Asker: 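Following this message is one structure expressed as structure tokens.
Because the structure is predicted, anything quoted here is derived from the model rather than measured. Order of the sequence lines fixes the chain letters, A, B, ..., with proteins taken first and strands second; residue numbering starts at 1 for each chain.
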There are 2 protein chains.
Amino acid sequence: MRLVVARCAARYTGRLTAELPLATRLVVVKADGSVLLHSDGGSYKPLNWMSPPCSLAVAEPDDDAAARGVVEIWHVQHAKSDDRLEIELHEVLHDSAHELGVDPGLVKDGVEAHLQKLLAEQIHLLGAGHVLVRREYPTAIGPVDILAKDPAGGAVAVEIKRRGDIDGVEQLTRYLELLNRDPHLTPVRGVFAAQEIKPQARVLAHDRGITCLVLDYEAMRGMDDASTRLF
Amino acid sequence: MRLVVARCAARYTGRLTAELPLATRLVVVKADGSVLLHSDGGSYKPLNWMSPPCSLAVAEPDDDAAARGVVEIWHVQHAKSDDRLEIELHEVLHDSAHELGVDPGLVKDGVEAHLQKLLAEQIHLLGAGHVLVRREYPTAIGPVDILAKDPAGGAVAVEIKRRGDIDGVEQLTRYLELLNRDPHLTPVRGVFAAQEIKPQARVLAHDRGITCLVLDYEAMRGMDDASTRLF
DNA sequence: CGCTCGATGTCGCTG
DNA sequence: CAGCGACGTCGAGCG
């Protein structure tokens, strides 16, 4: 990894065109050739960048550029598209290189996939006597998170979100509309399950006859741990 | 901006929980207090981070941590939530600070608006005899990209996307519902136009009587260039 | 390789 | 401040 702090200007062309006027920034060149241009604030997102796979070619400035104070021009070209990032370096304030090695990567916990897995295992949370049909039950517009049967044999479609927003209710509504066209399934009941359900989503869900179910992730994981520990 | 290259481990708790095992990484501390943890590859996104506003507190390791080789612990706490990032530094390989100043920011020029402009100019792409009424035709829930009239005088509402997804069909459906309440306009026909239309979106659109139109951006731009060149 | 969907999404605009 | 749409969305998982 190479770290350069420099006064620089940049231009990106590709899916859009964007310009960065002359200012002092951090330029990071990673081992895979990717380049990041960071300002001293904002957020984790760079002002501009090039994703791997890409190649970096360093060029001397032409007379015109040299006259503008450019000491080096970096051409960063994406390998599989015509995306291009051009950086004009005017003054290099810091330049260092470091061997970092391969990163073992981030281990996440508590994302939607976990919730889905846990609810599938603890399907009784939908109510006593419910039975799992399958996870990711396919429809023409995409898979429903969970399809289950209630004690009376009626189909139940479950949409799971970490945070229950209106979007999720809309999504579930579309699934229900399609599933209810299947004579073998209809009538299909809808359950909107999330760790936290926004009031608006709750209202909309209720309006459409969809049941809301708040999931307690910690408790569900506790159950999972318990069962794992037992066997 | 402070740049630290160090062997470190990290843990994030907040909207989810995530862990980073011990490895050598770049730690960036920006002027606004935000922190980025980058590996030597991947993409522009850090492995882990804390967005501003947040505060950084440096602590000495306790005996247990010191025994594990920790030389310093950074507690990064978000100011407005309980999001928290904890970084254990095991070995600092580089540490430098730099004054960058304020960044003038990125100037963008997008493709999205261009598509709308081109289709408005080449409204015949909707079918021979179509006439533009106006771009950004206002409704109570926001402007429709294009309103046109077909040769029979019927209203046509067009939603334009670069990538045609289900969301866009939903959006157009809402517009159509509102537009069709206007007795001067109804019945309004819907056209979903995009450079690329996903199969699911196509199914949903067809289901709702909405026409799909694939736009050839290059060809449309070519037409534009040609007309520009001629006059 | 393409497609779909989630995301600590983030960003920016508007009411 | 909230809501909503766009993003150079990115990235994982699956067929």
Side-chain angles (χ1 to χ4, degrees), chain A residues 11-18 34-37 42-52 54 76 78 80-85 105-106 108-116 135-136 138-145 159-163 165-168 170-171 194 198-201, chain B residues 10-20 34-37 42-52 54 76 78 80-85 105-106 108-113 115-116 138 140-143 145 159-163 165-168 170-172 174 194 196-201:
Chain A
R11 164 187 278 270
Y12 162 78
T13 55
R15 276 160 289 188
L16 58 70
T17 303
S34 56
V35 177
L36 317 180
L37 269 164
S43 73
Y44 73 74
K45 203 175 171 181
L47 291 164
N48 223 323
W49 71 93
M50 186 61 72
S51 308
C54 63
V76 188
H78 196 265
K80 298 189 174 180
S81 72
D82 52 7
D83 282 29
R84 188 179 183 70
L85 178 62
L106 188 68
K108 290 186 185 185
D109 180 30
V111 292
E112 187 190 306
H114 298 154
L115 280 175
Q116 188 192 118
R135 290 167 60 183
E136 304 286 349
T139 80
I141 55 167
V144 182
D145 287 338
E159 175 64 34
I160 301 170
K161 292 286 176 202
R162 242 167 7 88
R163 297 169 62 191
D165 226 324
I166 278 185
D167 283 4
E170 293 284 9
Q171 197 179 338
K198 298 286 178 71
Q200 282 158 331
Chain B
R11 165 185 274 269
Y12 162 79
T13 53
R15 279 160 286 188
L16 57 66
T17 303
E19 303 240 12
L20 276 175
S34 55
V35 177
L36 317 180
L37 270 165
S43 73
Y44 72 76
K45 198 174 174 179
L47 291 164
N48 220 323
W49 71 93
M50 185 61 71
S51 307
C54 63
V76 188
H78 195 265
K80 299 189 174 181
S81 72
D82 52 6
D83 283 28
R84 188 179 183 72
L85 178 62
L106 188 67
K108 283 188 186 178
D109 178 25
V111 167
E112 200 73 35
L115 268 180
Q116 188 193 114
I141 55 167
D145 287 339
E159 176 64 35
I160 301 171
K161 294 283 176 207
R162 208 164 52 76
R163 297 171 64 190
D165 224 324
I166 277 184
D167 286 1
E170 292 286 10
Q171 199 177 335
L172 178 54
R174 289 194 295 270
E196 177 203 350
I197 296 180
K198 298 288 175 69
Q200 279 90 349

Asker: Nearest-Å distance, CG (A/L47) to C1' (C/dC11)?
Answerer: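 My rounded result for the distance is 13 Å.
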Asker: Using a cut-off of strictly less than 4.0 Å, decide whether A/Q200 has a side-chain nitrogen or oxygen near OP1 or OP2 of D/dG3.
Answerer: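 A/Q200 to D/dG3 OP1/OP2: side-chain N or O found under 4.0 Å.
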Asker: Could you state the CG-C1' distance from A/D167 to C/dG6, rounded to the nearest angstrom?
Answerer: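 Taking CG of A/D167 and C1' of C/dG6, I get 12 Å after rounding.
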Asker: For the side chain of A/D109 and the backbone of B/T17, is there at least one donor-acceptor N/O pair under 3.5 Å apart?
Answerer: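 No, because the side chain of A/D109 does not come within donor-acceptor range (under 3.5 Å) of the backbone of B/T17.
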Asker: Looking at every heavy atom in both A/L106 and B/L47, which two are closest together, and how far apart are they?
Answerer: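 Smallest interatomic distance, heavy atoms only, reads CD2-O, 3.5 Å.
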Asker: Rounded off to whole Å, could you give me the NZ-to-P distance for the A/K161 and C/dG9 pair?
Answerer: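 It is 12 Å, rounded to the nearest whole Å.
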Asker: Is the shortest distance from a Lys or Arg side-chain nitrogen in B/E19 or B/R11 to a carboxylate oxygen in the other one below 4.0 Å?
Answerer: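 Yes, charged N to carboxylate O under 4.0 Å.
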Asker: Counting any heavy atom closer than 4.0 Å, what does B/I166 reach on the DNA or RNA strands: base, sugar-phosphate only, or nothing?
Answerer: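 The residue B/I166 makes no contact with any strand.
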Asker: Taking the nucleotide of DNA chain D with the nearest heavy atom to each, does A/K198 or A/H78 sit closer to the 5' end?
Answerer: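 So the residue in question is A/K198.
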Asker: Provide, to the nearest angstrom, the distance between the CG atom belonging to A/L16 and the C1' atom belonging to D/dC7.
Answerer: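 Those two atoms, CG and C1', are 9 Å apart.
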Asker: Can you find a side chain N or O atom of A/R162 that sits less than 4.0 Å from OP1 or OP2 on C/dG6?
Answerer: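 Answer is no, no contact under 4.0 Å.
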Asker: Report which part of the nucleic acid B/M50 touches: base, sugar-phosphate, or nothing (heavy-atom distance under 4.0 Å, all strands).
Answerer: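 No contact.
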Asker: Listing time: all N or O pairs from protein to nucleotides 11-15 of chain D that are below 3.5 Å?
Answerer:
residue : atom : partner : partner atom : Å
D/dG11  : OP1  : B/S43   : OG           : 2.1

Asker: Closer than 4.0 angstrom, basic N to acidic O: yes or no for B/R15 and B/D83?
Answerer: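 Yes, charged N to carboxylate O under 4.0 Å.
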Asker: Hey, does the side chain of A/R163 come within less than 4.0 Å of C/dA7's phosphate (OP1/OP2), counting only N and O?
Answerer: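 False: A/R163 side-chain N/O out of range (4.0 Å or more) of C/dA7 OP1/OP2.
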Asker: Return the value, rounded to whole Å, for the distance between atom CD of A/E170 and atom C1' of D/dG5.
Answerer: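 Taking CD of A/E170 and C1' of D/dG5, I get 14 Å after rounding.
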Asker: Heavy atoms from C-beta onward define the side chain here; which of C/dG9, D/dA6, C/dG6 lies closest to that of A/Q171?
Answerer: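 Selected nucleotide: C/dG6.
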Asker: Please state whether the phosphate of D/dA6, meaning OP1 or OP2, lies under 4.0 angstrom from any side-chain nitrogen or oxygen of A/R15.
Answerer: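 Result: no.
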Asker: What's the shortest heavy-atom distance between A/L36 and B/Y44, and which atoms?
Answerer: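 Closest approach of A/L36 to B/Y44, heavy atoms only: CD2-CA, 3.4 Å.
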Asker: Closest nucleotide of DNA chain C for A/E112 versus for A/K80: which of these residues is on the 5' side?
Answerer: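 Counting from the 5' end, the first nearest nucleotide belongs to A/K80.
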Asker: Rounded to whole Å, please give me the gap between CD1 in B/I160 and P in D/dC7.
Answerer: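 Result: 13 Å.
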Asker: Looking at every strand, decide which applies to B/G14 at a 4.0 Å heavy-atom threshold: base, sugar-phosphate, or nothing.
Answerer: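 Nothing, no heavy atom under 4.0 Å.
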Asker: Could you report the tightest heavy-atom contact between A/C54 and A/H78, atom names first, then the distance?
Answerer: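 The answer is CB-CA, 3.8 Å.
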Asker: Specify the separation, in whole Å, of atom CH2 of A/W49 and atom C1' of D/dT9.
Answerer: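 The answer, rounded to whole Å, is 8 Å.
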Asker: Under 4.5 Å between any side-chain heavy atoms of A/K198 and A/R163, yes or no?
Answerer: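 When only atoms from C-beta onward are counted, A/R163 and A/K198 do touch, with a gap below 4.5 Å.
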Asker: Rounded to whole Å, how long is the line connecting atom OH of A/Y12 with atom P of D/dC7?
Answerer: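 Between P of D/dC7 and OH of A/Y12: 12 Å.
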Asker: Checking side-chain contact (heavy atoms from CB on, under 4.5 Å) for the pair B/Q171/B/K161: CA distance, chi angles, key distance, verdict?
Answerer: CA-CA 11 Å; B/Q171 199 177 335; B/K161 294 283 176 207; 3.1 Å; yes
